[in-house]
Amino acid sequence: MGVETLFGAYDENLKNLETQFNVRIRTDGHDLVVEGDEADVERAERVIVQLCGLLRAGYQFSKGDVKTATQLVARDATVELRDYFLRSALRPAGKRQVSPKSVNQRRYLDAIDRYDIVFGIGPAGTGKTYLAMAQAVAYLLAKKVTRIILTRPAVEAGEKLGFLPGDLQEKVNPYLRPLFDALYDMMEIERADRLFERGTIEIAPIAFMRGRTLNDAFVILDEAQNTTSEQMKMFLTRLGFGSKAVITGDITQIDLPTGRTSGVIEAMNIVSDIEGIAFIRFDERDVVRHRLVQDIVKAYEAFSIGNGSSRPSAK
């Protein structure tokens with residue numbers, strides 16, 4: 001794989017570099033010539049040199065990696081791309097290499113390694129759930145935990161599952177689909193299904209967590225903005241020895257009835273000063289979906305602020 005990999009289809013990556021850093025890039029034989037203001041040229045060259053180094057190190061670029069690298073250097077000219085694309089890369093079960101695509105995603109992965117409870121708060125598409133699942137599978141395969149437990153509020157305001165057909169797992173599965181999708185990205189479906197059968201990977205609506213103590217487990221609570229105060233307190237006090245908990249939520253999309261306090265917003269103000277608990281806040285710059293998703297998140301944020309909507313904040 002040569003340096004042409006960095007150009008992208010129809011030189012789209014070079015065009016992105018030109019736009020991002022306000023430079024002009026042309027080829028001269030086997031060389032790239034970058035023209036523009038000195039500071040802009042230095043930043044563009046920094047991206048190109050570091051990406052070529054990653055190629056030589058054997059990194060297999062996936063779609064969007066070059067754009068991610070460009071954005072990282074644009075935000076912080078001193079960034080070392082190897083930290084994002086090599087040192088932090090996860091390959092949980094050999095299927096897919098998972099790397100942080102933003103500064104906050106890198107902080108998120110580091111926080112999960114360092115802390116036993118981590119809150120990932122931010123809009124859709126920022127990798128909160130996906131990266132948590134990647135870490136969970138990596139921890140399980142490395143035998144750092146003995147099981148993975150996936151949970152979330154099953155319906156908008158509570159756990160009203162009775163009207164749904166099927167057994168408990170069939171009732172809960174639709175609500176855990178994002179977690180399943182991430183899991184199957186990390187691991188072959190047959191292998192994952194065997195782990196479900198053995199109970200090594202378990203799904204549970206949050207209402208069924210009461211009374212349990214979770215030892216040697218990696219627990220992911222997804223869509224935590226829809227937990228009640230009581231549910232969040234109950235969940236946080238389930239953590240046992242040798243366990244980690246990752247709580248993800250988007251506090252701009254709360255489905256609880258009017259008058260009910262979101263458990264995750266309350267927790268942001270109650271437990272934020274406790275040593276051993278980390279809060280990572282994502283924004284539109286961390287969105288790794290279609291480019292338009294970044295713009296949509298930013299537009300809604302501006303609309304919310306313009307209408308004077310109150311926004312919760314942690315200490």
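Throughout, residue positions are numbered sequentially from 1 according to the sequence presented. Worth knowing before you read on, the calculation uses all heavy atoms, side chains too, and leaves out hydrogens, waters and symmetry mates.
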*Heavy-atom distance under 4.5 Å between the side chains of Ile25 and Leu32, does that happen here?*
yes

*First locate atom CD of Gln253, then atom CD of Gln225, and finally report the distance between them rounded to the nearest 0.5 Å.*
7.0 Å

*Minimum heavy-atom separation for Ala204 to Thr151, with atom names?*
O-OG1, 2.5 Å

*Under 3.5 Å, is there a donor-acceptor pair between the side chain of Ser243 and the main chain of Leu214?*
yes

*asked:* Less than 4.0 angstrom from a charged side-chain N to a carboxylate O is my criterion; do Glu202 and Arg212 meet it?
replied: yes

*Which distance, rounded to the nearest 0.5 Å, do you find between the CD of Glu80 and the OG1 of Thr78?*
8.0 Å

_Heavy-atom side-chain contact between Val264 and Phe119 under 4.5 Å_ = yes

*asked:* With a 3.5 Å distance limit and no angle check, can you tell me whether Thr70 reaches the backbone of Val66 through a side-chain donor-acceptor pair?
replied: yes

*asked:* Treating Asn269 as the side-chain partner and Ile265 as the backbone partner, does any N or O pair qualify as donor plus acceptor under 3.5 Å?
replied: yes

Only distances under 3.5 Å count here; give the side-chain donor-acceptor pairs of residues 136-149 to other protein atoms, sequence neighbours excluded, each with its distance to 0.1 Å.
| residue | atom | partner | partner atom | Å |
| --- | --- | --- | --- | --- |
| Tyr139 | OH | Asp113 | OD1 | 2.8 |
| Thr146 | OG1 | Asp216 | O | 3.1 |

*From Thr228 OG1 over to Ile206 CD1, what is the distance, rounded to the nearest 0.5 angstrom?*
7.5 Å

_Polar side-chain atom of Thr248 near backbone of Lys128 as donor-acceptor pair, under 3.5 Å_ = no

*Charged N-O contact under 4.0 Å between Glu266 and Lys233*: no

*Judged by modelled atom types alone, do Asp286 and Thr126 share a side-chain donor-acceptor pair under 3.5 Å?*
no

*Check Asn226 against Leu256 and note the closest heavy-atom contact, atom names and distance.*
O-CD2, 3.4 Å

_Hydrophobic cluster membership, Val49 vs Val23, 4.5 Å side-chain cutoff_ = no

_Minimal non-hydrogen separation, Val73 against Arg46, with atom names_ = CG1-CD, 4.4 Å

*For Gly263 and Met232, which heavy atoms make the closest approach, and how far apart are they?*
O-CG, 3.5 Å

*asked:* Quick one, Arg260 with Glu230, criterion salt bridge (charged side-chain N to carboxylate O under 4.0 Å, His left out). Give me CA distance, side-chain angles, the key distance, then yes/no.
replied: CA-CA 11 Å; Arg260 296 301 299 271; Glu230 297 80 8; 3.7 Å; yes

*asked:* Between Asp193 and Tyr184, is the side-chain hydrogen bond (donor to acceptor under 3.5 Å, both in side chains) condition met? List the steps.
replied: CA-CA 10 Å; Asp193 288 345; Tyr184 292 143; 3.1 Å; yes

*What about Ile274 and Ile247, same hydrophobic cluster or not, with Ile/Leu/Val/Met/Phe/Trp/Tyr joined at side-chain heavy-atom distances under 4.5 Å?*
yes

*Sub-6.0 Å ring centroid separation between Phe180 and Phe196*: yes

*Begin from the C-alpha positions of Ile280 and Tyr115 and carry the test side-chain contact (heavy atoms from CB on, under 4.5 Å) through to its verdict.*
CA-CA 12 Å; Ile280 305 298; Tyr115 298 94; over 6 Å; no

*Check the pair Leu17 / Val47 against side-chain contact (heavy atoms from CB on, under 4.5 Å), numbers first and verdict last.*
CA-CA 9 Å; Leu17 274 166; Val47 175; 3.8 Å; yes

*asked:* Assess, by modelled atom type and distance only, whether the side chains of Thr252 and Asp250 contain a donor and an acceptor separated by less than 3.5 Å.
replied: yes

*Decide, yes or no, whether a salt bridge links Arg43 with Asp40 under the criterion of side-chain N to carboxylate O below 4.0 Å.*
yes

*Pairs where residues 226-265 contributes a residue and the test ring pair (Phe, Tyr, Trp, His ring centres under 6.0 Å) is met, not counting sequence neighbours*: none

*About how many Å separate CD of Glu18 and CZ of Arg24, when rounded to the nearest 0.5 Å?*
9.0 Å

*With rounding to the nearest 0.5 Å, note down the distance linking CD1 in Ile112 to NZ in Lys244.*
8.0 Å

*Work out which heavy atom in Leu51 is nearest to a heavy atom in Ala69; give both atom names and the distance.*
CD2-CB, 3.7 Å

*asked:* Contact between Asp110 and Arg107 at the side-chain level, heavy atoms closer than 4.5 Å - yes or no?
replied: no

_Minimum heavy-atom distance between Tyr108 and Gly120, given as atom pair plus value_ = CE1-CA, 3.8 Å

*Donor-acceptor pair, side chain of Gln231 and main chain of Pro153, under 3.5 angstrom*: no

*Between Phe218 and Val246, is any pair of side-chain heavy atoms under 4.5 Å apart?*
yes

*Give a yes or no on whether the backbone of Val41 and the side-chain of Glu35 come within a donor-acceptor separation of less than 3.5 Å.*
no

_Main chain of Met234, side chain of Arg238: is a donor-acceptor contact present, judged purely on distance under 3.5 Å?_
yes

*Straight-line distance of Arg281 CZ to Ile121 CD1, nearest 0.5 Å*: 7.5 Å

